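Everything below concerns the one structure shown next.
None of these values were measured; they are calculated from a predicted model.
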Amino acid sequence: MPKEGITPRSQDYAQWYLDIVRDADLADYAEVVRGCIVFKPTGFALWEAIQSGLDQRIKATGHQNAYFPLLIPKSFLMKEAEHVEGFAPEVAEVTHAGGEKLAEPYVIRPTSETIIGYFYAKWVRSWRDLPLLINQWANVMRWEMRTRPFLRTTEFLWQEGHTVHVDEADAERETLKILHEVYADFVEKEMALPVIKGIKTDKEKFAGALRSYAIEAMMQDGRALQVGTSHNLGQNFAKAFDITYTDQNNQVQHAWTTSWGVSTRLIGALIMAHSDDEGLVVPPRLAPTQVVVVPIFKTDAERTRVLEAVSRLSADWKGSLRFKVDDREQYSPGYKFNEWELKGVPVRVEIGPKDIEKGTVGVARRDQPGKQGKSFVPQDGLRQRLESLLTEIQQALYDRAFRFREEHTYEASNYDELKQGVEKGFVRGYWAGTREDEDKIQDETGATIRVLPLDQPATAGKCVYTGKPAQKIAVFARAY
RNA sequence: CGGGGAGUGGCUCAGCCUGGUAGAGCACCUGGUUCGGGACCAGGGGGUCGGAGGUUCAAAUCCUCUCUCCCCGACCA
C-alpha cells in the first residue's frame with residue numbers, strides 16, 4: 001500500500017523521487033535562491049553520516065583536512081585552458097563589495113583546483129615536501145541549467161581532495177587508491193550500493209585532467225549516476241600555477257597533482273537506489289537512527305508498564321545501537337508505523353501489553369515494508385537479534401541493488417542492441433570509437449559512455465558502434 | 001537556454017474562462033473519547049491569492065514585466 005502523497009515509482013519515477021525528498025523531510029526548496037535547497041535536519045543527518053564514513057577513510061589513507069577560501073580571483077580560473085572552458089559557463093561572480101566595484105572580480109568556487117594550486121606553489125619546495133595530501137570539506141557553486149534536490153543543486157556540499165606528487169606514477173597510485181579504498185569501499189560497504197569502477201573517456205573527463213576515474217551506480221530506473229570521481233591532473237595545474245619542487249638531483253621539476261570528490265549527490269543516490277513506494281530506505285550502517293521503538297498502550301497503567309519494559313529491554317543498547325523511543329501520545333501506533341517507514345528507519349520494535357505477557361516484541365524490517373517484514377520474537381537476546389538483523393538488512397539491500405543492476409545490464413554486439421539496451425539499463429559493449437562517435441551515440445540514444453571498467457575481459461572483440469577490432473569494454477547508459 | 005505545465009492558509013487543490021468583500025479536504029490548536037498498520041466527535045485559529053506595474057468604480061480573476069518550482073531536451077558532482 002503506497003503511502004499517501006507518494007507517487008508510485010512505476011507511474012512517475014522523477015515525481016516519486018521528489019515526493020520522497022519532501023515527505024521524508026530531507027530538504028526544502030530554497031525558492032528565494034535559484035536552484036538551491038535547504039538541508040533539513042533529517043537530510044543533513046544523512047550527510048553527516050556520509051561525511052563521517054568518508055572522513056575516516058580519507059584520514060586512514062594519510063590525508064589531512066584543511067580549508068581554502070570560497071572566493072577565487074577570476075584570473076586564477078583562466079590559467080588552465082581546458083579548465084576555464086569547462087567551468088566558465090557555470091561560475092557565479094562577485095563584482096561588488098564594500099559598496100564598490102571590485103578591481104578584479106572574484107568567482108565563487110565551482111571547485112578549488114586553482115586557488116589551492118596557488119597555495120601549493122608556495123608550499124612545495126622540495127621532493128621531501130611530497131606527497132602533499134590534503135582534503136577539504138566545503139560548499140561549491142555551479143550555475144546549472146536544471147537542478148534537482150541533492151542530484152544537482154546550484155550550491156552543493158562536498159569534499160575535494162587535492163594532492164601533489166613527485167611523478168606520474170605516484171599521482172596515479174593516489175588517484176586509484178582514492179577510487180578503491182575510499183570511494184568504492186565507502187559506497188559499497190556503508191551505502192550498500194554496488195558500483196562500477198572505471199576510467200572516463202576524453203569526452204567525459206574532468207576539465208583539465210589527464211585522466212578521470214569514476215564510480216558509477218545504477219538507479220532503480222536503470223539510469224546511471226556518477227557517485228564519485230578521482231582525477232589524475234597530470235602536470236596541467238602544476239604548470240599553470242607553477243607548482244615545482246627540487247628533486248634529489250637538485251633539478252627543479254613540475255609536480256603532478258590529483259583531485260577527487262564526492263558530494264551531497266550521494267544522498268540522491270541513496271534515495272534512488274534503495275527507497276520504495278512506502279518512502280525512504282536507509283541502509284543500517286548509515287542510518288542516523290537504526291531502531292525506533294514504538295510503545296503501545298491504552299491506559300495510564302499500561303503506559304507505565306510498557307515504558308518500563310522499554311527501558312529494561314533497551315538498557316544495554318547504548319553504544320551498540322542507534323535508537324530512539326517514540327513515546328509521543330498524540331499519535332496512534334499505526335500512524336507511527338507509517339511515519340517511520342516513510343523516514344526509512346531500518347528496524348522498528350513494537351512493545352505492547354500483549355508482548356509483556358508473552359515475553360515477546362514485534363520487530364519489523366524496513367527493507368520488507370508493511371506487515372510482511374514484521375514478526376514477533378522473544379525478548380531474550382533482543383539486542384543481539386537486532387544487531388544481526390541490521391547486518392542482514394545491510395546485506396539484503398546490497399544484494400537487491402546488485403541483482404537489480406545485473407538484471408538491467410545488457411551485452412551488446414551491435415548498435416541496435418545498444419540502442420535497445422540503454423532504454424532499460426546499462427549496456428556493455430566493446431568500444432573502439434572516436435569522440436565524434438560518442439557524440440553521435442549521445443545524440444541518437446541519450447546515452448553516454450559512463451566508464452571503461454577497470455575490470456576488463458581478457459579477450460578482444462568488435463566495437464559495438466564501428467565494428468572495428470576493440471580491446472576494451474565500455475559501459476553505456478543514460479545518466480543523471 | 002529551447003519546448004510544455006504550475007504558483008491561492010503548513011500540504012493537496014477548487015475558484016479565474018464570464019471582474020463584485022477568498023473556499024474545501026488534510027494538517028494545526030482546545031476539550032473529550034480512542035490507541036497492535038495512517039482514530040473519532042465538537043469547537044477554534046490561520047491566506048491582502050509568488051512579486052512589481054497597468055486597466056477598472058472594483059482584480060485571485062483581464063493586460064505587461066519579473067521571480068520560483070515541476071516535466072522533456074542540451075550542460076554538469
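Aromatic stacking of A:W158 on B:A77: not satisfied for centres closer than 5.5 Å together with planes under 30 degrees.
Between the P atoms of B:C65 and B:G25, the separation comes to 38 Å (whole Å). Distance noted for atom C1' between B:C70 and B:A24: 24 Å (whole Å). Nucleotides B:C11 and B:G47 have their P atoms positioned 14 Å apart, rounded to a whole Å. Using atom C1' as the reference point in both B:G15 and B:G23, the two lie 8 Å apart (nearest Å). Taking atom P on both B:A58 and B:G20, the two are 14 Å apart, rounded to the nearest angstrom. Rounded to whole Å, the separation between the C1' atoms of B:C71 and B:U8 comes to 22 Å. B:G5 sits 24 Å from B:G19 when the P atoms are compared, rounded to a whole Å. Rounded to the nearest Å, the gap between the P atom of B:U61 and that of B:A27 is 31 Å.
Checking B:C17 for Watson-Crick or G-U wobble geometry (two distances, each under 3.5 Å) identifies no partner in any strand. As the counterpart of B:A42, B:U30 is assigned, both hydrogen-bonding distances of the Watson-Crick or G-U wobble pattern falling under 3.5 Å. With a 3.5 Å ceiling on both atom-pair distances, B:U56 lacks any Watson-Crick or G-U wobble partner. For B:C69, the paired nucleotide is B:G5, the pair qualifying as Watson-Crick or G-U wobble because both relevant distances are below 3.5 Å. The partner of B:C76 is absent, by the rule that a Watson-Crick or G-U pair needs both atom distances under 3.5 Å. Under the Watson-Crick or G-U wobble criterion, with both distances below 3.5 Å, B:C49 has no partner in any strand shown. If you check B:G37 for Watson-Crick or wobble pairing at under 3.5 angstrom, you find it has no partner at all.
What separates NZ of A:K336 from C1' of B:A39 is a distance of 14 Å, to the nearest Å. What separates CG of A:L225 from C1' of B:A77 is a distance of 9 Å, to the nearest Å. For the pair A:M272 CE and B:A77 C1', the interatomic distance rounds to 12 Å; values are reported in whole Å. Note: CG (A:N338) to C1' (B:A39) measures 13 Å, nearest angstrom. Taking atom NZ of A:K205 as the reference point, atom P of B:C75 lies 16 Å away to the nearest angstrom. The CD atom of A:E302 sits 11 Å away from the P atom of B:G36 (whole-angstrom rounding). In this entry the distance linking CE of A:M145 with P of B:C75 reads 10 Å, nearest Å. For the pair A:Q15 CD and B:C70 C1', the computed distance is 7 Å after rounding to whole Å.
A:Q442 comes within contact range of the sugar-phosphate backbone alone, with a heavy-atom separation under 4.0 Å but no base atom that close. Within 4.0 Å (heavy atoms only), A:Q226 reaches sugar-phosphate atoms of the nucleic acid but no base atom. No engagement by A:L266 is indicated, since no non-hydrogen atom pair under 4.0 Å with the nucleic acid exists. Using a 4.0 Å heavy-atom cutoff across all strands shown, A:S212 reaches no nucleic acid atom at all. Nucleic acid contact for A:G352: base, since at least one base atom lies under 4.0 Å from a heavy atom of the residue. Looking at heavy-atom distances under 4.0 Å, A:G268 makes no contact with the nucleic acid at all.
Judged purely by distance below 3.5 Å, without hydrogens or angles, the side chains of A:S259 and A:E113 pair a donor atom with an acceptor atom. The closest side-chain donor-acceptor pair between A:T7 and A:D12, if any, does not fall under 3.5 angstrom. Donor-acceptor pairing under 3.5 Å is recorded for the side chains of A:D221 and A:Y480. Judged by distance alone, the side chains of A:T258 and A:T163 do bring a donor and an acceptor atom under 3.5 Å apart. There is no side-chain donor-acceptor pair under 3.5 Å between A:Q379 and A:K358.
Contact annotation: A:K371 reaches the phosphate of B:G37 (side-chain N/O to OP1 or OP2, under 4.0 Å). The side chain of A:Y29 places an N or O atom within less than 4.0 Å of a non-bridging phosphate oxygen (OP1 or OP2) of B:C70. In this model, the phosphate group of B:C72 is not approached by any side-chain N or O of A:Y13 to a distance below 4.0 Å at OP1 or OP2. Between A:Q330 and B:C29 there is no side-chain N or O to OP1 or OP2 distance below 4.0 Å. Between A:S332 and B:G38, a side-chain N or O to OP1/OP2 separation shorter than 4.0 Å is absent.
The side chain of A:D355 sits closest to B:G36 out of B:C75, B:C70, B:G36. The side chain of A:P149 lies closest to B:C70 when the candidates are B:C70, B:A77, B:C69. Of the candidate nucleotides B:G37, B:C35, B:A77, B:A77 has the atom nearest to the side chain of A:F156. The side chain of A:R148 lies closest to B:C71, out of B:C76, B:G36, B:C71. Distances were taken from every side-chain heavy atom of A:A14 (C-beta onward) to each of B:G37, B:G36, B:C71; the shortest belongs to B:C71. Proximity note for A:P353 (side chain, C-beta onward) versus B:C71, B:G36, B:C75: the nearest is B:G36.
Taking only distance into account, the side chain of A:E339 never meets the base of B:G38 through a donor-acceptor pair shorter than 3.5 Å. On a pure distance criterion of 3.5 Å, no polar donor-acceptor pair joins the side chain of A:R142 and the base of B:C76. Not a single donor-acceptor pair, N or O on each side, falls under 3.5 Å between the base of B:G2 and the side chain of A:R146.
Summarising the local packing, NZ of A:K419 is surrounded by more than 12 heavy atoms from other residues, nucleotides or ligands at distances under 6.0 Å.
A 4.5 Å side-chain heavy-atom check between A:E190 and A:R57 finds at least one atom pair inside the cut-off.
Mapping A:G446 and A:W143 onto RNA chain B by nearest heavy atom places A:W143 at the nucleotide closer to the 5' end. Each of A:R34 and A:G370 lies near RNA chain B, and the nucleotide nearest A:G370 is the one positioned closer to the 5' end.
Checked options A:L18, A:I20, A:D276; the residue passing with A:I6 is A:I20 (criterion: side-chain contact (heavy atoms from CB on, under 4.5 Å)).
Electrostatic pairing of A:D277 and A:R9 counts as a salt bridge here, judged by a charged N lying under 4.0 Å from a carboxylate O.
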